[in-house]
**Student:** 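Dropping a structure here in structure tokens format, bear with me for questions.
In what follows, chains carry the letters A, B, and so on, assigned in the order in which the sequence lines appear, proteins first and then strands, with residues in each chain numbered from 1.
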Amino acid sequence: MALLEVKDLSVVFARKGEREVRAVDGVSFDVDAGEVVGLVGESGCGKSVTSLAIMGLLPKRGVRVSGQATFDGMNLLQTDERTLRDIRGRDVAMIFQDPLSSLNPVVPIGLQVTEVLTRHRGMKGEAAKKEAAHLLERVGIPDPTRRLKEYPHQLSGGMRQRALIAMAVACAPRLLIADEPTTALDVTIQAQILELLKDLVRDSGTALLMITHDLGVVAGMCKSINVLYAGRRVESAPRRVLFAQRHHPYTVGLLGSIPRLDAPKGEKLRPITGSVRDVLPWAEGCAFAPRCFNRVDRCVDGPPELVWTAAQHGYRCVNPVMEAETAK
Amino acid sequence: MTSLAKDGTPASPLVEVKDLKVHFPIKKGVIFDKVIGHVKAVDGVDLSIPRGRTYGLVGESGCGKSTLGRALLQLTPPTGGSVEFDGQELTKLAPGKLRSMRRRMQMIFQDPLSSLDPRQNVESILIEGLAAHGIGADRGERRKKVAETLDAVGLPRWALSRYPHEFSGGQRQRIGIARALVLGPDLIVADEPVSALDVSIQAQVINLLEELQDQLNLTYLVIAHDLAVVRHISDVVGVMYLGALVEEAPSDDIYAAPLHPYTRALMSAVPVPDPDVEDQRERILLAGDLPSPANPPKGCRFHTRCPWAQPTRCADERPVLRQITVEGLETGSDHRVACHWAEDIATGKLRPHEVKAELVHQEAETPTEVAPPSEPTSII
């Protein structure tokens, strides 16, 4: 059994007098200890809502969460708030995209790190301070004892993200959820942070759920990759299988849209037409059909099912791309 | 520079920037402001952009690339140096003349929503510039021009009566491009034109910019932090670090043979969506953060983080952009690098060494105030 098993997770935002929005629609995936799993998609595909739902961080009112998120045999979606508070930060930790808005601006870094240690590991005073300094040093912050006394605004973006990671790994969590951890950072800093996360996974056997829009980031570190579109998983495969052969036209389009650093000059990008707004409700057919280059009439006959190949490669498409590099 | 235009004839430069400097004063004091230092956002940049070509400026946040773009358009007054646009010196131009010159040089901004007036509909946004410059005899003629521009950027006609919030991010960026395009400019400065957009939309906008360049023979200065985007769209790429260019090369060469240690590090940090490439390549991880531009390191500005830094010259002599010749390495005449040891690094004579991250002081104990760059009051 995997460490985290998400099964049929759905999140519906329903506010009185407004149309219901199904942000996540029956998403399933597993994350095992010591492995990195990627959730990839563009804005609005439901990748962040998935992570918030797993952590139980969505508001209770106006939100319906269904399905299962089993962490070590316990369904997090059914767990009461008190127990969840013990699990969050200790067993499951999260790193957010924007470190400045997830740190408290009026509390020194040191206090924010020791808070976790006091709450979950019962450390106090000097011992907690020492451990906090040790944690900051581990994530590569120079002169950690001085940094402990400083406030978030005194740190650079990369340092803040490191401080946030230090807090997340303070209790050696078994599962780490990173929601766009490097999107707000420069590329050289991004490389540092990704390397740090890889080291953490390798050294401590932490399971990492990596949520990102960047296929380049997942290509380098994820064991398996799930591509989301309009709330559903449209393609899922181990990374080498996926990059060797994309079956879903959305994944093909996504990869064709990225300018590659090593591509020969003059090669045209092949963007996906239309925008994320042009979706069909899944109940009527494939949500991607309005933008798809491989569309056939069957696409809008009903919701397509996830089809699995022998190589653990799943795709939700009735007219998949079959030969390598055939995208128009 | 001896670059050739796409048809093979030598392209004369449209823009010539020489020793451009932009220094922002750091002020201190309650009643009387005292200038206690300068943030040298741009400190001595030379570049030239040939007509009909794209110059890509790449660097990390805080390297001064946006300030350079703004100073080129005189939106931020330069502290020193010269900007020659089509033979005319912009820094000494009278305000009225400069205003009419602005018709020929336009800007596209990063965030399309905050650079469009939410209370103006698209037609009004596009016609405002035409009216300000007195283009088109009457309303009918202007509307015709606006409609043509809409077609060019791929927006439907009904967009005219809509407001910016009614569009998606990609469409908004198209409006921003249309606003720049409607005046028929020669030069477009695009500051992070696609970084706020989703991946699939990014590609649409990049392709649109390329098509427009082919049709209208536009000259671009594209400023971005994403090296892959810049390399894709540009003919020549300039890499900036702490207010100065460290390397300049045709976009093919910059990938094939990066010469400056910073370019190498930047290149190795960009993720490539291919597992085979990702697993094999060697990453050059830079230690620490960008030093403060208020107090840049002496000598080569990169020497504090450079894995190839040497005990001599690097710390006390500022390198200038120069051409190098290395045996067995094809470097064109327009490949220039600002590094004392570029030859030895290219041949592999010098090996990278470990760099300890240095503390970057953020100077929080003394509250200081940096004069913000002046806002663009009008770019039309």
Side-chain angles (χ1 to χ4, degrees), chain A residues 42-44 140-143 146-147 150-151 153-159 185-192 194-195 213-222 239-240 242-244 250 253-265 267-278 291, chain B residues 59-63 167-171 198-207 210 225-233 235 250-252 255 262 265-279 281 283-290 305 356-364:
Chain A
E42 294 179 282
S43 44
I141 295 183
D143 200 357
R146 207 193 102 178
R147 289 289 168 187
E150 294 191 337
Y151 292 87
H153 74 270
Q154 290 168 280
L155 272 63
S156 67
M159 288 296 160
L185 306 174
D186 277 317
V187 274
T188 55
I189 311 292
Q190 164 170 301
Q192 294 172 1
L194 292 180
E195 209 58 36
H213 70 279
D214 192 335
L215 277 169
V217 169
V218 293
M221 64 187 298
C222 293
R239 73 175 175 147
R240 283 187 180 277
L242 184 77
F243 281 96
Y250 176 63
L254 212 51
L255 218 61
S257 301
I258 307 173
R260 278 179 62 157
L261 193 63
D262 55 348
K265 176 80 185 148
E267 195 176 297
K268 270 265 172 209
L269 298 178
R270 299 174 305 244
I272 306 171
T273 53
S275 77
V276 191
R277 286 185 181 185
D278 313 319
R291 302 175 71 190
Chain B
E60 294 179 285
S61 45
C63 73
F167 295 93
S168 65
Q171 285 173 315
D198 262 324
V199 181
S200 66
I201 311 298
Q202 262 188 21
Q204 292 176 11
V205 172
I206 292 173
N207 279 0
E210 285 180 340
H225 69 279
D226 188 334
L227 193 52
V229 168
V230 169
R231 200 186 85 89
H232 178 86
I233 198 166
D235 300 299
S251 59
D252 282 330
Y255 176 72
Y262 179 64
L266 206 59
M267 205 79 77
S268 79
V270 178
V272 174
D274 186 334
D276 299 327
V277 177
E278 278 292 310
D279 288 356
R281 63 207 208 126
R283 274 198 209 292
I284 304 166
L285 285 182
L286 289 182
D289 289 307
L290 205 68
R305 298 168 76 197
K356 257 233 157 320
E358 254 180 65
L359 253 192
V360 177
H361 293 275
Q362 301 265 320
E363 309 278 333

**Student:** Start with the C-alpha distance between A:Asp262 and B:Arg281, add both sets of side-chain angles, then the distance that settles salt bridge (Lys or Arg N to Asp or Glu O under 4.0 Å), and finish with yes or no.
**Tutor:** CA-CA 12 Å; A:Asp262 55 348; B:Arg281 63 207 208 126; over 6 Å; no
**Student:** Where on B:Val277 is there a heavy atom nearer than 4.5 Å to chain A: the side chain, the backbone, both, or neither?
**Tutor:**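 It is the side chain, since no backbone atom gets that close.
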**Student:** Is any side-chain heavy atom of B:Val270 closer than 4.5 Å to a side-chain heavy atom of B:Arg231?
**Tutor:**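 They are not in side-chain contact.
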**Student:** At a heavy-atom separation under 4.5 Å, does B:Asp252 approach chain A through its side chain, its backbone, both, or neither?
**Tutor:**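 The answer is the side chain of B:Asp252.
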**Student:** Is B:Asp226 in contact with chain A via its backbone, its side chain, both, or neither, using a 4.5 Å heavy-atom distance?
**Tutor:**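 Neither part.
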**Student:** Who among B:Gln171, B:His225, B:Gln202, B:His232 has the most heavy-atom pairs with chain A under 4.5 Å?
**Tutor:**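 Top option by heavy-atom pairs under 4.5 Å: B:His232.
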**Student:** Heavy-atom distance under 4.5 Å to chain A: side chain of B:Ile206, backbone, both or neither?
**Tutor:**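 It is the side chain, since no backbone atom gets that close.
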**Student:** Please classify the contact of B:Leu227 with chain A as side chain, backbone, both or neither, using a heavy-atom distance under 4.5 Å.
**Tutor:**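 For B:Leu227, heavy atoms of backbone and side chain both lie under 4.5 Å from chain A.
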**Student:** Looking at chain A, which one of B:Ala228, B:Gly170, B:Pro275 has the largest number of heavy-atom pairs inside 4.5 Å, strictly under?
**Tutor:**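 If we count pairs closer than 4.5 Å to chain A, B:Pro275 comes out on top.
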**Student:** If I measure from the heavy atoms of chain A, does B:Ser168 come under 4.5 Å with its side chain, its backbone, both, or neither?
**Tutor:**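 Both parts, backbone and side chain.
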**Student:** B:Asp198: what forms a side-chain contact (heavy atoms from CB on, under 4.5 Å) with it, not counting sequence neighbours?
**Tutor:**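 Here the qualifying residues are A:Glu42, A:Ser43, A:Val276, B:Ile201.
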**Student:** Is B:Ile233 in contact with chain A via its backbone, its side chain, both, or neither, using a 4.5 Å heavy-atom distance?
**Tutor:**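 Looking at B:Ile233, just its backbone touches chain A.
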**Student:** I want to check something: taking the side chain as every heavy atom from C-beta on, are B:Asp276 and A:Phe243 in contact at a cut-off of under 4.5 Å?
**Tutor:**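 Not in contact.
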**Student:** If the condition is salt bridge (charged side-chain N to carboxylate O under 4.0 Å, His left out), which residues does B:Arg305 pass it with, not counting sequence neighbours?
**Tutor:**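 Scan of B:Arg305 (salt bridge (charged side-chain N to carboxylate O under 4.0 Å, His left out), adjacent residues dropped) gives none.
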